[in-house]
S.K.: 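Have a look at this one.
As the structure is a prediction and not an experimental result, all values here were calculated from the model. Heavy atoms only: backbone and side chains are in, while hydrogens, waters and symmetry mates are out.
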Amino acid sequence: MVKFKLLLDKDDEVKWLNEMANNGYAFKKFRLGFYFFEECEPSQYIYYIDLLSKVSQFGEFKTFMNEADVEVLSRWYKWVYVRKVNDSKGFELYSDVESKIEHYSRILKLFRFAFILELVCLFVEIYIPYIERDMRFINLVFIAIILFCAICIFGGYSKTVEKIKFYKQQTQ
């Protein structure tokens, strides 16, 4: 089965993948918003998603996960999807507050970069037709799409800031 879904909150994505597994659909891979599933025993797996600091860390990460009996399923740039057989003990890659803060800080940097990139694209999409005095309907469509993406990214950024604040309050 293939499902299309755009999620900007890692925790919501993990929750959804685990719900799918609880309903008997094991996640296999991710490609540009498309999630690929296969049938499994309900609640057979527990999923988690990590954001690597560097793409070059993937080999080390995969080796470490395999040694911990965690299967690395899919990677999309720095995002890595992993699963573990459900042993009723739960599954978290980051168990202490400091590592959770560091993890969400990496996600925050990614959102910041994506938001700035969207703003640059928006500026280009507005400025070039303006100086050429050739604004067309297609430019307005692209402006609307870029603005929508920027708003969504800002929403993900805001949620991540709130998560970091929550975990920082736990350390005080």
Side-chain angles (χ1 to χ4, degrees), residues 1-95 99-100 102-118 121 141-142 144-164 166-167:
M1 170 178 35
V2 178
K3 287 198 171 228
F4 180 79
K5 197 168 187 124
L6 292 175
L7 295 164
L8 290 176
D9 185 305
K10 178 205 67 117
D11 295 332
D12 289 345
E13 190 174 7
V14 168
K15 182 180 175 185
W16 178 67
L17 292 174
N18 286 314
E19 286 171 1
M20 291 295 290
N22 291 341
N23 293 326
Y25 296 99
F27 169 72
K28 290 300 289 180
K29 68 179 179 177
F30 172 84
R31 293 291 178 263
L32 297 171
F34 291 94
Y35 294 82
F36 297 82
F37 295 90
E38 63 185 12
E39 289 187 22
C40 69
E41 292 295 318
S43 302
Q44 182 177 354
Y45 299 108
I46 301 173
Y47 293 90
Y48 201 81
I49 302 170
D50 194 16
L51 178 66
L52 302 175
S53 297
K54 299 175 185 173
V55 175
S56 62
Q57 292 177 327
F58 180 68
E60 286 176 35
F61 179 83
K62 190 172 183 178
T63 301
F64 177 72
M65 289 292 108
N66 288 337
E67 289 171 358
D69 293 325
V70 176
E71 183 181 2
V72 176
L73 297 169
S74 188
R75 185 183 90 178
W76 190 72
Y77 185 51
K78 292 181 181 182
W79 288 107
V80 182
Y81 295 80
V82 298
R83 76 176 174 196
K84 183 178 179 187
V85 173
N86 188 354
D87 57 5
S88 301
K89 294 179 184 176
F91 174 46
E92 261 191 290
L93 291 180
Y94 302 102
S95 54
S99 62
K100 288 179 182 182
E102 195 271 328
H103 175 66
Y104 284 110
S105 295
R106 285 196 310 267
I107 294 171
L108 194 64
K109 287 178 188 175
L110 183 66
F111 276 129
R112 189 177 301 131
F113 172 77
F115 185 71
I116 291 169
L117 183 63
E118 289 294 324
C121 291
V141 170
F142 284 136
I145 291 170
I146 293 168
L147 196 55
F148 175 76
C149 291
I151 290 168
C152 291
I153 290 168
F154 185 75
Y157 179 90
S158 299
K159 283 179 92 172
T160 305
V161 166
E162 290 303 315
K163 289 175 187 179
I164 291 170
F166 172 77
Y167 287 119

S.K.: CZ of R83 to CD of Q44: how many Å apart, nearest 0.5 Å?
M.R.: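 Reported value, rounded in 0.5 Å steps: 7.5 Å.
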
S.K.: Quick check for you: to the nearest 0.5 Å, what is the distance between K78 atom NZ and F61 atom CZ?
M.R.: 14.0 Å

S.K.: Please walk me through it: do R106 and D50 pass side chain to side chain contact (heavy atoms under 4.5 Å, CB included)?
M.R.: CA-CA 10 Å; R106 285 196 310 267; D50 194 16; 3.4 Å; yes

S.K.: Are there over 12 heavy-atom neighbours, none belonging to E60, within less than 6.0 Å of that residue's CD?
M.R.: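 12 or below, so no.
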
S.K.: Supply the atom-to-atom distance C149 SG to L8 CG, rounded to the nearest 0.5 angstrom.
M.R.: 9.0 Å

S.K.: Distance check, rounded to the nearest 0.5 Å: N18 atom CG versus E13 atom CD?
M.R.: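 Here the rounded value is 11.0 Å.
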
S.K.: Which is it for I49 and Y81 under the side chain to side chain contact (heavy atoms under 4.5 Å, CB included) test, yes or no, and what are the steps along the way?
M.R.: CA-CA 5 Å; I49 302 170; Y81 295 80; 3.5 Å; yes

S.K.: CD of E41: more than 12 outside heavy atoms within 6.0 angstrom?
M.R.: no

S.K.: Starting at CE of M1, measure out to OH of Y25 and round the result to the nearest 0.5 Å.
M.R.: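 Separation between the atoms: 4.5 Å.
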
S.K.: Using side-chain heavy atoms (C-beta onward) and a distance below 4.5 Å, is L108 in contact with K163?
M.R.: no

S.K.: Under a 3.5 Å distance rule, please check whether K28 uses its side chain to pair with a backbone N or O of L73 as donor and acceptor.
M.R.: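 A pair under 3.5 Å: no.
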
S.K.: Establish, from distance only, whether the side-chain atoms of K10 and Y48 form a donor-acceptor pair under 3.5 Å.
M.R.: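 Yes, side-chain donor-acceptor contact under 3.5 Å.
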
S.K.: Taking the side chain as every heavy atom from C-beta outward, state whether D69 and V85 have any pair of such atoms under 4.5 Å apart.
M.R.: no

S.K.: Let me know which of F4, W79, F37, Y35 forms a ring pair (Phe, Tyr, Trp, His ring centres under 6.0 Å) with F30.
M.R.: Y35

S.K.: Could you tell me whether a side-chain N or O of Q57 sits under 3.5 Å from a main-chain N or O of K54, the two making a donor and an acceptor?
M.R.: yes

S.K.: For C40 and A21, which heavy atoms make the closest approach, and how far apart are they?
M.R.: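 Here C40 and A21 meet closest at SG-O, 4.2 Å.
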
S.K.: I would like to know whether I116 and F113 meet side chain to side chain contact (heavy atoms under 4.5 Å, CB included); could you show each step before the answer?
M.R.: CA-CA 5 Å; I116 291 169; F113 172 77; 6.0 Å; no

S.K.: Using every non-hydrogen atom in the two residues, find where F111 and I153 come nearest and quote the distance to one decimal.
M.R.: O-CG2, 3.5 Å

S.K.: Do we see a donor-acceptor contact under 3.5 Å between the side chains of Y94 and E102?
M.R.: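 Their side chains do not contain a donor-acceptor pair, so the 3.5 Å distance test is not met.
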
S.K.: Using only atom types and a distance under 3.5 Å, with no angle test, would you say the side chain of Y47 pairs donor to acceptor with the backbone of F27?
M.R.: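 Confirmed, Y47 side chain pairs with F27 backbone.
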
S.K.: Out of curiosity, S53 OG to H103 NE2, how far, rounded to the nearest 0.5 Å?
M.R.: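 If we round to the nearest 0.5 Å, S53:OG and H103:NE2 are 10.0 Å apart.
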
S.K.: Would the distance check show the side chain of R75 and the main-chain N or O of F58 forming a donor-acceptor pair, the cut-off being under 3.5 Å?
M.R.: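 Judged by distance alone, no pair lies under 3.5 Å.
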
S.K.: May I ask you to decide if D11's main-chain N or O and D9's side chain share a donor-acceptor pair within less than 3.5 Å?
M.R.: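 Side chain of D9 to backbone of D11: a pair is present.
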
S.K.: Let's go through F154 and E118 carefully: what are the C-alpha distance in whole Å and the side-chain angles of both, what is the deciding distance for side chain to side chain contact (heavy atoms under 4.5 Å, CB included) to 0.1 Å, and is it a yes or a no?
M.R.: CA-CA 10 Å; F154 185 75; E118 289 294 324; over 6 Å; no

S.K.: Would you check if the distance from the ring center of Y157 to the ring center of F115 is below 6.0 Å?
M.R.: no

S.K.: Which heavy atom of S43 sits nearest to which heavy atom of N22, and what is that distance?
M.R.: OG-OD1, 3.0 Å

